[in-house]
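For reference, the structure is listed below as C-alpha cells.
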Amino acid sequence: MVGLGAAGLRSAMLLEQAGVTVSLFEARKRLGGRIHTVKKGKAVYDAGGEWLDADHYRCLSLLDELDLEVDRKTGWPGKVRFNGKECWENTLWNEALEDELRVEATAREMCRDLDPLPWKNSHHREWEARTLADFLRENTSSKAGLFWVWARYRSDEGDDPERISLLGWLCGYLHYINRDSDAMSQYRLPHGMGAMIDGMAARINAKPHIGTVLKRIHQDSESVRLQFDTHEVEVDRVIVTIPPPALEQVVFEPALSGAKRCSIEACRMSQAIKIVWEFDHAWWRDQEWNGSLLCDGPIQQVWEATRGGTPVLAAYVCGDDARRWISELDPVEASVKALIQMYPIAEKHFVRGWVHNWLADPFSQGAFSHLAPGYVLDFMQFIAPPEGRVHFAGEHTSIRTGFIEGALESAERVVQEILDA
C-alpha cells in the first residue's frame with residue numbers, strides 16, 4: 001500500500017479483514033494525506049478535508065464502525081456579502097434566489113438522460129467542450145445571482161468555474177438531484193478529521209513506514225518491486241493511492257499503457273488553500289452569527305473551523321485568488337486585514353494565523369481532483385483500472401471526485417480487484 005490517506009488506510013483495513021497481509025508506505029511524515037488536523041498551541045482545526053455530506057454513507061458508516069460521533073452543522077443561516085451589501089442566506093436577494101432556482105432547474109433537466117458513469121455520455125460531447133462558467137453565465141440574469149451561484153459551485157469544485165467541465169459538473173450534480181436541500185456539508189468530527197485517520201490506523205495490524213518516497217515500480221508476471229528513496233521492497237501486488245501530479249514522478253517498468261499515462265497527465269488538481277485566523281474571543285458569536293460567510297471579496301468563503309481550544313475562523317479560497325494570496329509577502333496579515341475591513345471588531349481579538357497551501361505540497365500539488373474540460377470523455381475511464389499487478393485508488397479514481405466519500409469508494413473497488421485476482 002503506497003499512500004496512507006483515507007483511500008490507503010481504508011484499503012488496508014478491508015484487506016486485513018479479508019485475511020490479506022499488507023505493507024504500508026507513506027511519503028509524508030504523518031498519516032492522512034490531505035486530511036490533516038492541526039494543533040497549534042491551544043488552536044485545533046482541519047487544514048484539509050473537513051466536511052461530510054449527509055448522504056456520504058460510506059464515511060458515516062466508517063465513523064460508526066470506529067465509534068466516532070459527528071457534530072452536525074448548526075447556526076444556519078450564514079451571511080452573504082455582495083457589492084457592499086450584506087444579507088443572510090435565508091433572506092437572499094430575490095434576483096439571486098431566482099437565478100439559483102433557474103440554474104438548478106436547467107441542470108436537472110440536462111441530467112435526465114445522463115449515465116452515472118461520466119465517460120459513457122459521449123452523446124453529450126458538446127457539453128464536454130464547455131465550462132461550468134459558460135453555463136452559469138447563460139442561466140443567470142443578475143449580477144447578484146451570478147455571484148451567488150459562482151461562489152457556491154466554485155467552493156464545491158475547489159477551483160474557478162472556467163476550469164470545470166460542464167459535462168463533468170453535471171455528472172456530479174446527478175448525486176445531488178434527489179438529496180435533501182440541507183444535505184451538503186452537514187457533519188464533521190468534534191476534534192477534527194484526524195480522529196478518523198487515527199481510528200483507521202489503530203484497526204490495522206501492519207505498521208506503517210513513514211517518510212518513504214516512492215521512486216520506481218518494476219513488475220513482472222510474479223511480483224512487484226518497489227524502489228523507495230531509502231530501500232526496496234518486493235510484494236505480490238501494490239495499491240498506489242498518491243495523487244496524479246506525484247504519480248507522474250514515479251518511474252514504471254514496464255511503462256504504463258498510453259491510455260493510463262495520458263489519464264494521469266490530464267487529471268487536474270484544484271487550486272484551494274485555507275487561511276486560518278486564531279482569536280482570543282469568538283466575536284462573531286456575540287452577533288448571533290455562526291461565522292459562515294460567502295463574499296465577493298478575495299477571501300471568498302469563511303466559516304468557524306474551531307475543533308477544540310481557542311476559536312478560529314478559516315478562509316477557504318479557490319482558483320486564481322488562491323494563487324494571488326500565496327504570492328503575498330504575508331498572506332495571513334493581508335487576509336485578516338480584508339476580514340477587518342468588513343468586521344472591524346476582528347482586529348481587537350486577532351491573535352495569529354496560518355496558511356495551508358496545498359498547491360505547494362509536493363505529494364499532492366493541489367487540494368483534490370476536478371473534472372476539467374476534455375477529461376471526462378477522453379481520459380477519465382482509464383484512471384482507475386489496474387495495470388498488471390499495480391492497482392490504483394484515491395478520490396481521483398472514483399466517480400465522486402474531490403470527496404472523502406470518493407476515496408472510500410475507490411478503496412472498496414480496489415480491494416475487490418485484489419480479492420478477485
Side-chain angles (χ1 to χ4, degrees), residues 6-7 10-11 14 49 51-62 103-132 134-136 139 152-153 156-159 161 163-186 241 244 259-260 263-264 266-268 270 368-386 391-417 420:
R10 185 56 172 162
S11 298
L14 295 174
W51 294 97
L52 304 176
D53 292 354
D55 54 1
H56 286 178
Y57 301 118
R58 290 180 179 86
C59 288
L60 297 174
S61 177
L62 173 60
V103 164
E104 292 182 348
T106 306
R108 284 195 298 270
E109 181 64 24
M110 295 172 75
C111 285
R112 288 182 63 180
D113 67 340
L114 282 184
D115 192 293
L117 294 178
W119 55 88
K120 290 190 174 183
N121 291 291
S122 58
H123 54 297
H124 286 304
R125 183 169 285 276
E126 72 278 10
W127 295 347
E128 175 73 318
R130 302 178 64 222
T131 68
L132 174 58
D134 297 329
F135 174 76
L136 296 180
N139 288 280
R152 288 189 60 202
Y153 294 124
D156 287 349
E157 301 297 331
D159 215 325
R163 296 189 177 92
I164 308 302
S165 158
L166 176 56
L167 177 60
W169 178 78
L170 288 168
C171 289
Y173 195 84
L174 273 174
H175 300 301
Y176 306 152
I177 287 178
N178 296 317
R179 64 166 28 171
D180 293 336
S181 59
D182 62 347
M184 187 173 292
S185 300
Q186 278 301 300
T241 73
K260 173 68 75 175
S263 70
I264 293 170
C267 187
R268 295 290 176 260
S270 291
F368 47 84
S369 67
H370 66 243
L371 305 180
Y375 177 75
V376 172
L377 295 181
D378 293 333
F379 302 104
M380 189 178 183
Q381 64 180 306
F382 304 112
I383 196 80
H391 301 258
F392 300 87
E395 53 84 13
H396 59 284
T397 69
S398 76
I399 61 171
R400 287 183 178 265
T401 52
F403 291 100
I404 300 170
E405 182 78 0
L408 300 186
E409 172 200 300
S410 77
E412 294 175 3
R413 170 187 51 77
V414 80
V415 166
Q416 194 59 53
E417 290 174 4
D420 289 344

statement: Scanning both residues in full, the closest heavy-atom pair of Cys59 with Ile404 reads SG-CG2, 3.7 Å

- prompt: Considering only heavy atoms from C-beta outward, does the side chain of Asp156 approach that of Met184 to under 4.5 Å?
  reply: yes

task: Answer yes if the ring centres of Phe135 and Trp169 are under 6.0 angstrom apart, and no otherwise.
output: yes

query: Any sub-3.5 Å donor-acceptor pair from Glu157's side-chain atoms to Ile164's backbone N or O?
result: no

message: If you compare all heavy atoms of Ile177 against all heavy atoms of Cys111, which two are closest, and at what distance to 0.1 Å?
response: CD1-CB, 3.6 Å

query: If you measure from OG1 on Thr397 to CE on Met380, what distance do you get to the nearest 0.5 Å?
result: 9.0 Å

query: So how far is it from Ile399 CD1 to Cys171 SG, rounded to the nearest 0.5 Å?
result: 9.0 Å

task: Tell me, with the steps shown, if Gln186 and Leu52 meet side-chain contact (heavy atoms from CB on, under 4.5 Å).
output: CA-CA 6 Å; Gln186 278 301 300; Leu52 304 176; over 6 Å; no

- prompt: Going by the ring pair (Phe, Tyr, Trp, His ring centres under 6.0 Å) test, which pairs reach into residues 392-414, not counting sequence neighbours?
  reply: His56-Phe403

- prompt: So how far is it from Tyr375 OH to Cys267 SG, rounded to the nearest 0.5 Å?
  reply: 4.0 Å

- prompt: Donor-acceptor pair, Asp53 side chain versus Ser185 backbone, under 3.5 Å?
  reply: yes

message: Measuring from atom OH of Tyr173 to atom CD of Glu104, what distance do you get when rounded to the nearest 0.5 angstrom?
response: 4.0 Å

field: Non-neighbouring partners of Pro373 that pass side-chain contact (heavy atoms from CB on, under 4.5 Å), sequence neighbours left out
entry: Thr131, Ser165

field: Non-hydrogen side-chain atoms of Val414 and Glu409 separated by less than 4.5 Å
entry: no

- prompt: Any Lys/Arg nitrogen of Glu417 or Arg413 sitting under 4.0 Å from an Asp/Glu carboxylate oxygen of the other?
  reply: yes

Whether Ser410 side chain and Gly394 backbone form a donor-acceptor pair below 3.5 Å: yes

field: CA sep, side-chain torsions, deciding dist, call: Leu170, Trp127, side-chain contact (heavy atoms from CB on, under 4.5 Å)
entry: CA-CA 9 Å; Leu170 288 168; Trp127 295 347; 3.6 Å; yes

field: side-chain contact (heavy atoms from CB on, under 4.5 Å) between Ile383 and Ile264, worked out
entry: CA-CA 6 Å; Ile383 196 80; Ile264 293 170; 4.0 Å; yes

message: For Ser369 versus Thr401, what's the shortest heavy-atom pair and its separation?
response: OG-CB, 3.7 Å

task: Could you tell me whether Glu395 and Arg400 make a salt bridge, using a distance below 4.0 angstrom between a side-chain N and a carboxylate O?
output: no

query: Going from CD on Glu128 to CG on Leu371, what distance comes out if it is rounded to the nearest 0.5 angstrom?
result: 8.5 Å

- line: Scanning both residues in full, the closest heavy-atom pair of Phe379 with Ser263 reads O-CB, 3.4 Å

- prompt: Is a side-chain N or O of Asp115 found less than 3.5 angstrom from the main chain of Lys120, in a donor-acceptor match?
  reply: no

message: Is it the case that the side chains of Ser270 and Arg163 hold a donor-acceptor pair, with the cut-off being a distance below 3.5 Å and no angle test?
response: no

message: I'd like to know if the side chain of His124 pairs up with that of Asp113 as donor and acceptor (distance under 3.5 Å, no hydrogens or angles considered).
response: yes

- request: Output the distance between atom CG (Leu166) and atom CG (Leu132), rounded to the nearest 0.5 Å.
  value: 7.0 Å

query: Yes or no on side-chain contact (heavy atoms from CB on, under 4.5 Å) for Asp55 and Tyr57, after CA distance, side-chain angles and deciding distance?
result: CA-CA 5 Å; Asp55 54 1; Tyr57 301 118; 3.6 Å; yes

field: Min side-chain heavy-atom separation Leu167-Pro118 under 4.5 Å
entry: no

field: Over all atoms of both residues, closest heavy-atom pair of Ala54 and Leu60
entry: O-CD1, 3.5 Å

